Structures are given as structure tokens and as C-alpha cells.
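Model, not experiment: these values are computed from the prediction. Reminder, nothing fancy here: chain letters follow the sequence lines and each chain counts from 1.
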Amino acid sequence: MLDATFPKVTVDGLAVRLTGNQILKDISLTVDPHEFVCIIGTSGGGKTTLLRAVAGLLPASSGCVRLDGEEIVAPTPRIAMVFQQFGLFPWKTVRANVEYGLRVQRRTDESGRVDRLLEIMNLAQVAGRYPHQLSGGMKQRVGIARALSVEPELLLLDEPFSAVDAITRELLQNEVLQLWERNTQMTGMLITHDIDEAILMADRIVVIAGPPGQVAMQVPVPIPRPRTPRGVRTHECYPELRDQLWAALRDRATHDLERT
Amino acid sequence: MTAATTQPPGTGQRPRRFRRPARSINTPLTPAIRWALRLTSVLVIVVAWEIYGRAINPVLLSSPSAISRAFVDMIGDGTLFQALAESLVVLGAGSLIGIAIGLLVGLAAGRNQVFGTLIEVPLNALYATPSVALIPIIVVWFGFGPTAKTVVVILFVLFPVLINTMRGVQEVDRELVEVARSFCSGERRMWFDLIIPSALPYMVTGLRLAIGRALIGVIVAEFFTAFSGLGHLIVTNANSFRTDRTFVPILVIAVLGVLLTALLEFAERRVVRWSAKD
């Protein structure tokens, strides 16, 4: 049995260099079991690099990432990722795309999980279609269903709603929020540059400033779940939280603007 | 052709101040009109050929009617079918071997950077050399029999397939490779889920180029080498000034080319269904 306070994810002094550029510098943070952490920062600040390092897709140049205390050196089936540009296979149908993770991990779908996910994500009617026949919002539903199908302990979302229009984005945020609040097993990390999205979804928000990426601030979001977009916006601590985050991001952004 | 420009005299009409806009070049033609135009062009060519061909020495041009008589004759005495069979066997065997080698080497060279770089210079040198230039050497090595012809076809087919396959593998979407890695895909699964499907359109393009070149290869090889096949039929008839009988295998080759290309276009549409328009 794991101690309830033992972190699920530990990022310990992580630094990443890519082709001579320092992308991340000495990042340390932890994510508790079933915690949803949003990582927010200006673009080019190394957020996506951090997520890719957690996924085991990038080697650390120093420090490490641990999952339940075990160092992550390569991708593991315990982690699944949702991609900004969806990352769907254009030659596979919606159903085949959702089944993809189970198939490459040589797992069978005995409990009919794929069917259930297609139903939950409103994809049952389009299961036989190809990705190019879907709208951006539908494509990302496929991406999310694919990640959930492998029942990951840790779900990583890399700006999952940034490539869809504003209305679809709000719908998708709501869907993921509800999925999250019903599921008691997963831990989540979501990358975003949208302050409202971070406040809506997160238990805790980590501000990454860079380059090179460093943790600039961490704030808990004390808004009780289940949440709704309206309930969050009218909560008493919403304005202050928003100002606080905006100030942190604005300082960084103006700093970058002045430098260039 | 229209009467719009030739106004009958004395009608007293004032000239129009503005020209009516011409029918737009971009307006798509209806399928019926397209087919009518295609048929018209063929008919015009055949009729003109017939008229002109009858007027001059038959050794120079011959005519469609004479060619069709020769066609019936050559079917009757079996020369056409024999030559066709000989050419098709070489075409089939050479294409299959060339395509197989091209696909395998192309896949390996696209995925393995060391191997790809290793074969780069000799590959480009051989591809840049007109393959026809190598035929005399091939005859020295393999004699005048069907083996030499097959080797020529292999050589003609190999490069377009190999180079296109290699490029297709190299152009695999990096993000999808990342997706596959994040789901812990093994290398073998990566080939079937990702590399082969994304290289497939390139491979089919390579095949389409290869088919055209294979036809050229077999005919040129038959000019130089074997005493068999459609190419040989063309040379012998031309040498004895039987122009009508020379055109028969030429037209058979033309039909063969059209059929094979159409077949590959059909296959292409089936294979890349996912990228079809919405």
C-alpha cells in the first residue's frame, strides 16, 4: 500500500538540453495521487518539453522524473498522452484509433471499454469514419478516448484544447472536467496558456517561466468539486487567483517583450 | 464559328457598347461534353490518318484500315499472341522482381540512416544514368535470351520504386512517431501502424512511374537482344517495310500502357482512401 501523502509524480531537479539549448533548468515539483495539476506559462517557456520529459519521450540531462518513486527513462503503459495536434492516424478509423493503445500494448478489451469510451465521448455514430472527416473538436475527443482506453495512472494533456474553436473548447473542457470528477484512479497534468482553463480544471497551478523553464509560482485552487464553468467564475477566490496568475505571466511576457 | 461576329449587313443594329463576358474558362465541363470531346479528337485523328495515309506511299505511313487488316492477319497466324505472351512474361517477371527489390531496399534505406547514406551515391549515379546505356553491357553479361530482357526490365523498374519508397519512409510524420512511442509501440508494430501506411502513397507513385518505364524497358530490350516479343515484331516488320504490320504491336503496346496505368490509378484510389476529399 502506498502512503496517501506519497507523491505520484516527482520531478526532481530536472534539466533538459536540446541541441545545446537549455530548455528546462532545475525544475522540481510533485503531483499527488489523483491530483490534477495545470502547468501554465507563456509560449516557448518549456511547458511541452516538461511534459515530454515526464512521458519518457525525452532524456533528462540532469535530475530525473519518478512515477511512484520509480525513475522514468522510457515511455511506460502507465502513462498516456493527449496531443495538441491530436496525433491521430489518418488511415485508421475512429474506432481503430481509439483501440490503438490497447493493440500496441497487446491488451484485450474484455470489458468493452472502447465501446464505452466511444459512447461517453459521443463518438459512437462516427466510429467508422476517418479523422479527415471529423471537426477539430471531434478529433480531440478521439485523442482523449484513445488515451483513456489504456486506463493510465497518469494522464498527460499537452494544450489539448488550443487547436479547436472557442465554443468547442468550452464544451470539451466541461467534458474532461466531468470525466475527471467521476474517475477516482487517475492523476493528471495539463499544459495550457489559458488562465481560465487552468483555474477551471486544476487542483493546483504551476507557473513555468522561461526560457530556460523554471518554476515561477505554485498556487492551489481552493474551489470545491464538482465544478462548473459558471460556478468557478463566480467563486469568491476566482478574481484574486486570476489576478495573481495574470501578474506572474504578465511580468514574464513583458520581460520577454522588452528583451526582444 | 458562331454568327455573333458576322452581323448581317443593313440590320441597323447599334454595336454593343460592352462585350458580353465570355464563358468562363474555369467553368467545369459536364462529363458528357468531356467524353464527346475525347471521342472527337480520336475520330479526327483516325479520319485524317486514313485520308492522308491512302494518298501517300504505304511504306511511309500506312492507314488505319490497312493496320486493322494486318491486325486480323497477325492474330490469325498467331504471331501477335506469341509475341505478346513473350513480352508479357518478361514484363511480369522483371517488374515483380524489380518492385520487390525496390520496396525492400527502399524501406530499409528510409528507416536506417546508415544504410540510406551508404547507398546514396551509387544509387543517384545509377538513377542519373539513362538505363538504356547499360543494355549493351547487360547483353555481354546475360546473352541475348530472355534473362537479359528481364534484367533490363528490373533495372528500369527498380529506381523509381526504390527512391519513392525511401522518401515515403523518411517523410513519416514526426508527431505520429511520438504518439507511437508514447503508447510504447515496438518497432515491428511501428512499421505496420505508421511507416508503411504513410509511405504507401509514395510507393504507389513509384509503382506508377515504374510501370511506364517497364514497358519502355521491355521494348528497348527486345530491339537490342532477344529474337522474340513485341519489340522484335516491330523491328522485323519495319526492316521489311511492312508499315501496317509494324503499327500493330505499337498500338498493342499503347493499349497495354493505358490499361496498366488505369489499373494503378484504380489501386491508388483504393489504397489512399483516408486522404480522399471529404
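If you measure heavy-atom distances from Asp173(B) to chain A, you find no contacts under 4.5 Å at all. Neither the backbone nor the side chain of Thr93(A) comes within less than 4.5 Å of any heavy atom of chain B. Contacts between Arg103(A) and chain B at a heavy-atom distance below 4.5 Å involve backbone atoms as well as side-chain atoms. Only the backbone of Leu88(A) comes within contact range of chain B, with at least one heavy atom under 4.5 Å from a heavy atom of that chain. Residue contact with chain A, scored on non-hydrogen atoms closer than 4.5 Å, involves the side chain of Arg189(B) exclusively.
Side-chain atoms of Lys8(A) and Leu67(A), non-hydrogen and from C-beta on, do get closer than 4.5 Å to each other. Side-chain contact between Lys47(A) and Glu159(A) is present, with at least one heavy-atom pair separated by less than 4.5 Å. Ser28(A) places none of its side-chain heavy atoms less than 4.5 Å from the side chain of Val11(A). Arg52(A) places none of its side-chain heavy atoms less than 4.5 Å from the side chain of Val16(A). Side-chain contact check for Thr192(A) versus Met201(A): every heavy-atom pair is 4.5 Å or farther apart. A 4.5 Å side-chain heavy-atom check between Asn112(B) and Leu118(B) finds every atom pair outside the cut-off.
Residues of residues 136-147 of chain A lying within less than 4.5 angstrom of chain B, judged on heavy atoms, are Arg146(A), Ala147(A) in numerical order. Heavy-atom proximity under 4.5 angstrom to chain A picks out nothing from residues 150-164 of chain B.
Residue Phe115(B) qualifies as enclosed at atom CZ: its count of foreign heavy atoms under 6.0 Å is above 12. For CZ of Phe81(B), the number of neighbouring non-hydrogen atoms (other residues, nucleotides, ligands) closer than 6.0 Å is 12 at most.
Between His34(A) and Trp180(A), the two ring planes are parallel [angle under 30°; tilted spans 30° to 60°]. The aromatic rings of Phe89(A) and Trp91(A) are tilted relative to each other, their planes meeting at an angle between 30° and 60°.
A cation-pi arrangement is found for Arg38(B) relative to Trp35(B), the charged atom lying closer than 6.0 Å to the ring centre and inside a 45° cone about the ring normal.
Gln84(A) and Ser162(A) are linked by a side-chain donor-acceptor pair at a separation below 3.5 angstrom, with hydrogens and angles left out of the test.
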